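The structure appears below as structure tokens.
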Amino acid sequence: MAPRPDLAPDPSLSRAEMEALQEEIADVAVFADRDLGFDPAEPAALSNPLAATAGGGDPPTVVGVDQSFLLTDDDREDRAISAVVATRAGEVVERVSEVTPLEIPYIPGLLSFREGGPILAALSELSVEPDLALFDGSGRIHFRQAGIATHMGVVADFPSVGVAKSLLCGTPRGETEGLAEGDRVAIEADGDVDAPKGTLLGYAVQSRQYDSPGRHINPLYVSSGHRVGPETAAGAVLELCSDYKLPEPVRLADAYAEDVKGEYVE
DNA sequence: GCGACAG
DNA sequence: ATCTTGTCGC
């Protein structure tokens, strides 16, 4: 495979052109493990220093991507702060951020056309090569199987995973309320998705859960972005969650994006 | 017309 | 996403 800058999100396209581009993205995307820089059977190498060193070579580089926003009255001068944090065996090795003007409003299903450009701008400042990139949003769990994680993975050509806090589309194969920590429930294609009904799109993943009843934490919705299969995606996210609901790289990117925003306000 | 969806 | 106080439970 190779990077596909020609498929980068262009905010000036018409809605129909955006949707057509997403169909093309989904067409070239690989929703299975391919050329991974780590062993999917040993996800511990992603966060555990001991397991990471065991193999002999360099520990895989895992990056988390997230954004914060500077919103205005009329949403014509909104800016996005994109943050990327790179980790290796659980340690931060690099972080970059970029402030970018936003061209279009948020439209469900077309998120990557609003936020994708800003994210690519930040990624271009990164000096390390990601072995895995985690995004705040959907991957294959998308109407046209081309969520922001898939779009970014295909354009930059690195393994990517979508980590969403709510379900965009698709149907869980079972109950997703009050799951136990480590549980996963398959999300399959339904009539709203451009894929054969029943196609496995991803998993509801319970990364954290309270011990006692009463209150419960909602699961994350994890899906393949590009070059990662659904099981590996779910396993990687669980491995990368230590003490919080979000996988560490994404949590760190979220905090960094908030920090940078703080320098523009208050 | 009804339904309705990441960030 | 962002704007915000209090409040529940460990």
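Just so we're clear, the structure is a prediction, and the values are computed from it rather than from any experiment. Per chain, numbering begins at 1; letters A, B, ... match sequence-line order. Just so you know, these numbers use all the heavy atoms, side chains as well, and skip hydrogens, waters and symmetry mates.
Atom-to-atom, CD of A:Gln22 to P of B:dC5 comes out at 18 Å; the value is rounded to the nearest Å. Note: CD1 (A:Ile107) to C1' (B:dA4) measures 14 Å, nearest angstrom. Residue A:Asp73 contributes atom CG, which lies 20 Å from atom P of C:dA1 at whole-angstrom precision. A:Asp194 places its CG atom 19 Å from the P atom of B:dC5, with the value rounded to the nearest Å. Between the CG atom of A:Leu102 and the C1' atom of C:dA1 there is a distance of 10 Å, rounded to whole Å. Between A:Asp136 atom CG and B:dG7 atom P there is a gap of 6 Å when expressed in whole angstrom units. Between the CG atom of A:Leu134 and the C1' atom of B:dG7 there is a distance of 16 Å, rounded to whole Å. Rounded to whole Å, atom C1' of B:dA6 lies 12 Å from atom CG of A:Asp66.
Residue-level contact check: A:Ile81 touches neither bases nor backbone, having no heavy atom under 4.0 Å from any strand. Residue A:Ile141 is out of contact with every strand shown, counting any heavy-atom pair closer than 4.0 Å.
Of the N and O atoms on the side chains of A:Glu115 and A:Tyr106, not one donor lies less than 3.5 Å from an acceptor on the other residue. Side chains of A:Gln67 and A:Ser82: a donor-acceptor N/O pair is present below 3.5 angstrom, by distance only.
Few gaps surround CD on A:Glu258; more than 12 heavy atoms of other groups in view lie less than 6.0 Å from it. Enclosure of atom CZ in A:Arg34 is not indicated, since only 12 or fewer non-hydrogen atoms of other residues, nucleotides or ligands lie within 6.0 angstrom. The number of heavy atoms from other shown groups lying within 6.0 Å of CG (A:Asp73) does not exceed 12. Remark: A:Glu23 CD is packed, more than 12 non-hydrogen atoms of other residues, nucleotides or ligands lying under 6.0 Å away.
Heavy-atom distances under 4.0 Å link DNA chain B to A:Ala164, A:Lys165, A:Ser166, A:Leu167, A:Leu168 of residues 159-169 of chain A, given in residue order. Residues from residues 25-34 of chain A lying near DNA chain B, meaning a heavy-atom separation below 4.0 Å, are absent.
Residue A:Tyr106 places at least one side-chain N or O closer than 4.0 Å to OP1 or OP2 of B:dA6.
A parallel orientation is assigned to the rings of A:Phe135 and A:Phe158, their planes being inclined by less than 30° (bins at 30° and 60°).
A salt bridge links A:Glu248 and A:Arg251; the closest N-O separation between the charged side-chain nitrogens and carboxylate oxygens is under 4.0 Å.
Screening A:Pro159, A:Pro249, A:Pro60, A:Ser160 against A:Leu132 for a side-chain contact (heavy atoms from CB on, under 4.5 Å) leaves a single residue, A:Pro159.
Residue order along DNA chain C, read from the 5' end via each residue's closest nucleotide, puts A:Asp254 first among A:Asp211 and A:Asp254.
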